[in-house]
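Presented below is the structure to which this report refers.
Quick note on labels: first sequence line is chain A, next is B, and so on, each numbered from 1. If you're wondering where the values come from, they're calculated on a predicted model, not measured in any experiment.
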Amino acid sequence: MAVSERSPVRVRIAPSPTGFAHLGTASTALYNVLFARQRGGTFVLRVDDTDVERNRPEYEALIYESLHWLGLDWDEGPDKGGADGPYRQSERLDLYKQHAVRLLADGKAYKCWCTREELEAERKQALAEKRAYKYSRRCLLNPPAGRSEFTVRFQVPGGEVTFNDMIRGEMRFDAELMGDFIIVKSDGYPTYQFASPVDDAVMMITHVIRGEEHLSNTPFQLLIIDALGYPRPVAFAHMPLILAHDGAKMSKRKHPETNLALYREQGYLPEALINYLALLGWNPGTSQEIFSFDELVRVFSFERVQHAGARFDWEKLNWINGEYIRALDDSELARRLRQFVPELDESTICRAVPALRTRLPKLAAAREYLDYLWTEPQPPDLNPEAAERVRSAIAALREAPWEPPAIEEALERAVEASGAGKGKFYTPIRDALTGKKVSLPIHYTLALLPRDVALARLLRATAER
RNA sequence: GGCCCCGUCGUCUAGUGGACUAGGACGCAGCCCUCUCAAGGCUGAGAUCGCGGGUUCGAAUCCCGCCGGGGCUACCA
């Protein structure tokens with residue numbers, strides 16, 4: 001029996017705090033939030049921290065931080081509370097224990113005293129005989145005596161497990177092929193395959209939206225829910241995986257783009273990342289590419305979610321991010337730029353913004369355009385003609401009002417008088433000011449520097465050496 | 001090995017039997033604009049629709065086989 005279609009939608013994400021906040025977590029969170037907002041439902045954040053070895057509280061904080069940065073907020077969670085708390089699995093151990101005891105009493109689970117070595121041997125043997133491995137049920141049929149350390153295994157009843165996936169339709173799995181799996185580890189902690197379905201059932205989760213790596217875990221979890229007599233979630237949705245650029249699964253070690261903190265540090269706008277993530281795995285069916293969060297809530301649907309994994313592409317992200325940056329107004333762009341150029345005062349940033357806007361695929365790129373403001377470049381080696389042009393620029397600049405338009409006018413008069421082209425005229429100036437081949441337009445490059453500093457750099461470049 | 005998911009330009013994708021000389025976007029190339037770099041405008045290259053068989057008057061679209069990629073197969077989640 002399924003939870004009624006009319007019951008309020010409840011969805012959840014269940015990240016594990018075992019490392020930095022992951023891109024996949026953001027992606028899954030996004031689709032959950034979209035669906036919840038669309039249906040007026042509740043979005044739950046549950047922390048799946050049953051891996052005692054790898055969990056760290058600071059990683060949990062990182063998850064909150066990253067999701068908040070992205071503007072994704074939850075309705076219930078460890079930090080917010082809610083009627084179905086606690087929301088940390090490590091604080092729900094009694095609950096899992098009760099359920100395990102119930103399954104044991106009902107004869108739907110049994111204790112297993114096999115050692116890891118014995119199990120490993122079973123697996124190896126199956127492999128050698130080219131047989132699909134399935135636990136032998138030794139401890140159910142003929143348990144060894146005199147052992148104290150045990151796990152609890154679920155006795156798979158066999159048959160067939162079917163469920164509805166909102167993306168892939170009716171899914172069908174043969175439970176005869178599934179071995180009896182461990183639901184309680186020897187340290188007393190539940191396994192993911194047990195804690196997750198128990199919580200989903202008890203928290204009355206109606207739609208389980210998660211990554212495709214969980215597709216084949218679903219029948220295991222459904223078997224648990226059925227055995228416990230709980231209603232099943234109405235539906236599942238298994239989102240296509242985000243692949244690395246080389247087509248492999250993203251790994252934390254090999255692929256820095258898995259780390260959410262990176263996007264913030266590099267100056268990707270959260271709304272741009274959200275937009276990109278939405279498009280990676282879903283398609284609106286129109287040519288629209290830029291979506292606000294509210295638009296996404298309106299048009300998102302699981303019917304248009306891709307079935308195949310999508311490769312992560314920095315170029316496309318950069319483009320989308322650039323679109324968002326260009327759409328920002330002056331004061332907002334200046335505000336967001338602040339933390340990326342702490343060397344500069346407010347007014348300098350504000351004056352740079354109009355020239356910066358079309359040049360930034362990400363906010364951190366502003367540093368390359370502006371670092372000459374706090375770093376003195378090497379004086380260039382100018383040929384006599386270039387030095388002469390710089391001298392005439394100095395003369396023209398002495399009485400010009402120190403603003404981009406006035407500077408541009410003064411310079412253009414000097415260019416005309418010199419008979420040279422703008423290129424020949426401006427290049428040595430740019431070089432003297434920044435030491436680079438690329439900069440903001442020359443009048444901005446000058447105006448952002450205090451006049452005396454700018455003139456000093458130009459003067460120095462004309463000096464005989 | 002077993003089970004499951006998937007396979008259209010380099011990448012993300014549109015496409016659900018005829019309107020497909022396979023469309024769009026990113027990227028790439030050229031031109032225009034231009035002091036450099038961007039942005040913007042225009043133009044262009046780029047996909048025998050993984051392969052092989054069917055079905056059909058007609059297939060990227062339906063069926064079968066194969067190949068390739070991914071996931072699960074843990075006392076990780």
Does E412(A) come within less than 4.0 Å of K422(A), counting only side-chain N to carboxylate O?
yes
Describe the nucleic acid contact of N217(A) in one word from base, sugar-phosphate, nothing, applying a heavy-atom distance below 4.0 Å.
base
Can you label the angle between the W314(A) ring and the F312(A) ring as parallel, tilted or perpendicular, going by 30° and 60°?
perpendicular
Within 45° cone of Y276(A) ring axis and under 6.0 Å: K316(A) NZ or CZ:
no
For the side chain of R116(A), starting at C-beta, report the closest nucleotide among C76(B), A77(B), C26(B).
C76(B)
Ranking H443(A) and L280(A) by the position along RNA chain B of their nearest nucleotide, the one closer to 5' is L280(A)
Touch class at under 4.0 angstrom, heavy-atom based, for E408(A) against every strand present
nothing
What nucleic acid atoms does R168(A) come within less than 4.0 Å of, heavy atoms only: base, sugar-phosphate, or nothing?
sugar-phosphate
Answer with base, sugar-phosphate or nothing: what part of the nucleic acid does T191(A) contact at a heavy-atom distance below 4.0 Å?
sugar-phosphate
Closest nucleotide among G27(B), C37(B), C35(B) to the E315(A) side chain:
G27(B)
Counting any heavy atom closer than 4.0 Å, what does R123(A) reach on the DNA or RNA strands: base, sugar-phosphate only, or nothing?
sugar-phosphate
Under 4.0 angstrom, heavy atoms only, what part of the nucleic acid is G179(A) near: base, sugar-phosphate, or nothing?
nothing
Send over the distance from L243(A) CG to G68(B) P, rounded to a whole Å.
18 Å
Within the distance-only criterion (no hydrogens, no angle test), does the side chain of E176(A) pair as donor or acceptor with the backbone N or O of G159(A) below 3.5 angstrom?
yes
Side chain of T50(A) (C-beta onward), nearest among A77(B), G2(B), C37(B):
A77(B)
Separation between the C1' atoms of U61(B) and C3(B), rounded to whole Å:
28 Å
What's H238(A) touching, base or sugar-phosphate or nothing? Going by heavy atoms closer than 4.0 Å.
nothing
Regarding R389(A), tell me which of base, sugar-phosphate or nothing describes its non-hydrogen contacts under 4.0 Å with the strands shown.
nothing
Please determine if R88(A) and E60(A) form a salt bridge, counting it only when a charged side-chain N lies under 4.0 Å from a carboxylate O.
yes
Determine the Euclidean distance between corresponding C1' atoms of G70(B) and G50(B); express it in Å to zero decimal places.
15 Å
So R430(A), base contact, sugar-phosphate only, or nothing? Heavy-atom distance under 4.0 Å.
base
Would E385(A) and R389(A) pass as an ion pair if we require N to O under 4.0 Å?
no
Counting side-chain heavy atoms from CB outward, which of A77(B), C5(B), C26(B) is closest to E212(A)?
C5(B)
Ignoring hydrogens and angles, are the base of A38(B) and the side chain of T358(A) linked by a donor-acceptor pair under 3.5 Å?
yes
Closest to the side chain of L241(A), out of G70(B), A77(B), C26(B), is G70(B)
Between G7(B) and U13(B), how far is it from one C1' atom to the other, in whole Å?
14 Å
Per atom distances to the S216(A) side chain, the nearest of C75(B), G71(B), C76(B) is G71(B)
Hey, does F173(A) reach any base, or is it just sugar-phosphate, or nothing, if we go heavy atoms under 4.0 Å?
sugar-phosphate
Rounded to the Å, how far apart are M250(A) CE and G71(B) P?
13 Å
Listed nucleotide nearest any side-chain atom of D313(A), set C75(B), C72(B), C26(B)
C26(B)
Would you call the rings of F163(A) and H238(A) parallel, tilted or perpendicular if under 30° counts as parallel and over 60° as perpendicular?
perpendicular
Within the structure shown, what part of the strands sits under 4.0 Å from L177(A) by heavy-atom distance: base, sugar-phosphate, or nothing?
sugar-phosphate
Just call it for T151(A): base, sugar-phosphate, or nothing, with non-hydrogen atoms closer than 4.0 Å on any strand.
base
When rounded to the nearest Å, what value does the distance between C1' atoms of G52(B) and G68(B) take?
14 Å
Reckon P441(A) touches a base, only the sugar-phosphate, or nothing at all at heavy-atom distances under 4.0 Å?
base
Over all strands shown, is Q306(A) touching base, sugar-phosphate only, or nothing at heavy-atom distances under 4.0 angstrom?
sugar-phosphate
Please state how far atom NE2 in H307(A) lies from atom C1' in U13(B), giving the value in whole angstrom units.
14 Å
So if I take every side-chain heavy atom of R311(A) and compare against C35(B), U11(B), G71(B), which nucleotide ends up nearest?
U11(B)
Between C1' of C5(B) and CD of E213(A), the distance in whole Å
12 Å
What interatomic distance, in whole Å, is found between P of C51(B) and the corresponding atom of C67(B)?
15 Å
Taken to the nearest whole Å, CE/M171(A) to P/C72(B) is 16 Å
Whichever of C112(A) and E412(A) has the more 5' nearest nucleotide on RNA chain B, that residue is E412(A)
Tell me if a side-chain donor or acceptor on R153(A) pairs with a main-chain N or O of D180(A) at a distance below 3.5 Å.
yes
Out of C76(B), C12(B), C75(B), which nucleotide sits closest to the side chain of S186(A)?
C75(B)
When the distance from CG of N283(A) to P of U16(B) is rounded to whole Å, what number comes out?
13 Å
Between CG of D246(A) and P of U11(B) the distance, given in whole Å, is 12 Å
Take atom C1' in A25(B) and the same atom in U8(B), then report the distance between them in whole Å.
15 Å
